[in-house]
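Letters A, B, ... are given to chains in the order of the sequence lines, protein chains preceding strands, and every chain is numbered from 1. Because the structure is predicted, anything quoted here is derived from the model rather than measured.
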There are 2 protein chains.
Amino acid sequence: MKSSIRTERKKEIIAGFYELCKRDGLENVSIAKIGNHLKMPPSLIIHYFSNKRLLVLGLIDFILHQYQLIYKPIILKSEKDSKLDPNLLVDRLFSREWNLLFDDGVFFSCYAFTFRDKTIKEEYKKLHLKLRKTLKTILDKDEGLSSKNTELLAEKIFVVIEGAYYYLSMIDDPKEYNHKLGIFKGQVLDLIQP
Amino acid sequence: MKSSIRTERKKEIIAGFYELCKRDGLENVSIAKIGNHLKMPPSLIIHYFSNKRLLVLGLIDFILHQYQLIYKPIILKSEKDSKLDPNLLVDRLFSREWNLLFDDGVFFSCYAFTFRDKTIKEEYKKLHLKLRKTLKTILDKDEGLSSKNTELLAEKIFVVIEGAYYYLSMIDDPKEYNHKLGIFKGQVLDLIQP
DNA sequence: ATTTATATTGAATGAACATTCAATAAACAA
DNA sequence: TTGTTTATTGAATGTTCATTCAATATAAAT
């Protein structure tokens, strides 16, 4: 295993960086703090990520990967199904089986970078396009939708999902949360079977 | 005019803070930099906002106020109309007459705070609820919608608008941008007149 | 005009910051 | 085993950070 130490250490550092971001906010995490958290000198962190920008890019890579993972079980389950069950799909799309390693706060802190960094913006865009494409192939399995533009449909579905999670993040009360979640699920269902 | 100097200076400082956030990102703006930008010593900034947290809260107040202003012309115009024209309303809702003093990057940087600060989260939520309420009263003017639950409708419309702007922020190419914008406008229109 | 309150300045503080460097330890290849 | 590369350490760098303080200037109130 060539350079496995390097790979493992880099993973460890990013994971530690992520944990502190979750707890303290991206803007309050320094290299020294990460070092302290992981019990390693800051110079070791710089040894692997030669400056802070690269460290942040590493974090963004990580968080986008985790974001993708949220949708993985949905895709796998839907691929197994012989036919498309709209209700089941909608439930799955809104289930967001939360990964311990995905945090909306960190995600949006990183998202804010897209407004000043073209590379980061492209990475974010690429992921979002990919998720839409995947949803399209799932929708294409349904014969009832064969007359429909499933690409358009996937676009419309995801815009509701993303708007919903943006908005639902502000709501703490579980009752209110579930009520609104129901509304948005219904909205997506209406798109699939009008 | 009691303490008008204080009020004006505070405004000036927040405006300068905002400008630098827009240019350099919230995480890269220090009190010293704001002072430099406005040609005043950092101690004067601390004189008005006794610590950085209060300064950030001031910025959030400001950006939420500006966010509200985006929708003001839409509301004013719609209030003047005697009847509701769905096409016109959708055009207005998606026009986002960009204020020079509103920047999505700063907005989302501040939004990220909602995940770690309950007060900020409440402020964000309050604004979003208010905008939905306003849209409901606009929708209520239409007799054709009298049989409908306009509160529900406003909720569904805004979730598309917010999801749309989140997603559209990643798209630079004007052609692609307008194409997708058209899709989301259509989606909202379908909600109003099924 | 005098007192009182506020605004403004600039210098100073210690802590935290990202990054560099030279030295040592461990892993790996020959 | 020896030589070479990589991992790890800890001390040191100069810079920037938020905040404090005492001194002065300006405005408001009496």
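B/Arg9 has its CZ atom 12 Å from the P atom of D/dA27, to the nearest Å. Taking atom NE2 on A/His47 and atom C1' on C/dA26, their separation rounds to 12 Å, with Å as the unit. Separating the CD1 atom of B/Ile46 from the P atom of C/dA12 is a distance of 19 Å, rounded to the nearest angstrom. Atom CG in B/Asn28 sits about 14 Å away from atom P in C/dC17, given to the nearest Å.
Salt-bridge annotation for A/Arg9 and A/Glu12: present, with a side-chain N of the basic residue lying under 4.0 Å from a carboxylate O of the acidic one.
Between A/Tyr111 and B/Tyr166, a ring centre-to-centre spacing shorter than 6.0 Å is recorded.
Using a 4.0 Å cut-off, no side-chain N or O of A/Ser30 falls inside it from OP1 or OP2 of C/dA16.
Taking every side-chain heavy atom of B/Ile5 into account, D/dA27 is the closest of D/dA27, D/dT9, C/dC17. Among the nucleotides C/dA7, C/dT20, C/dT9, the one closest to the side chain of B/Met40 is C/dT9. In this structure, the nucleotide among C/dA7, C/dC17, D/dT19 sitting nearest to the side chain of B/Pro42 is D/dT19. Of the candidates C/dC21, C/dT19, C/dT9, the closest approach to any side-chain atom of B/Ser43 belongs to C/dT9. Distances were taken from every side-chain heavy atom of B/Lys33 (C-beta onward) to each of C/dC17, D/dA7, D/dC17; the shortest belongs to D/dC17. Across D/dT20, C/dA7, C/dC17, the shortest atom-to-atom separation from the side chain of B/Tyr48 is found for C/dA7.
The 5' end of DNA chain C is approached more closely, in terms of each residue's nearest nucleotide, by B/Leu44 than by the other of B/Leu44 and A/Phe49.
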| field | A/Asn51 and A/Ile46: CA distance, side-chain angles, deciding distance, side chain to side chain contact (heavy atoms under 4.5 Å, CB included) verdict | value | CA-CA 6 Å; A/Asn51 56 58; A/Ile46 293 279; 5.5 Å; no
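No side-chain heavy atom of A/Phe49 sits less than 4.5 Å from a side-chain heavy atom of A/Ile31. Using a 4.5 Å cut-off on side-chain heavy atoms (C-beta onward), A/Leu139 and A/Lys148 make no contact.
For the helix from C/dA1-D/dT30 to C/dA30-D/dT1, the angle separating the two terminal helix axes comes to 20°, with each axis derived from five pairs and the value rounded to 10°.
Partner B/Pro86 forms a side chain to side chain contact (heavy atoms under 4.5 Å, CB included) with one of B/Leu145, B/Val188, B/Leu191, B/Ile192 and no other, that one being B/Ile192.
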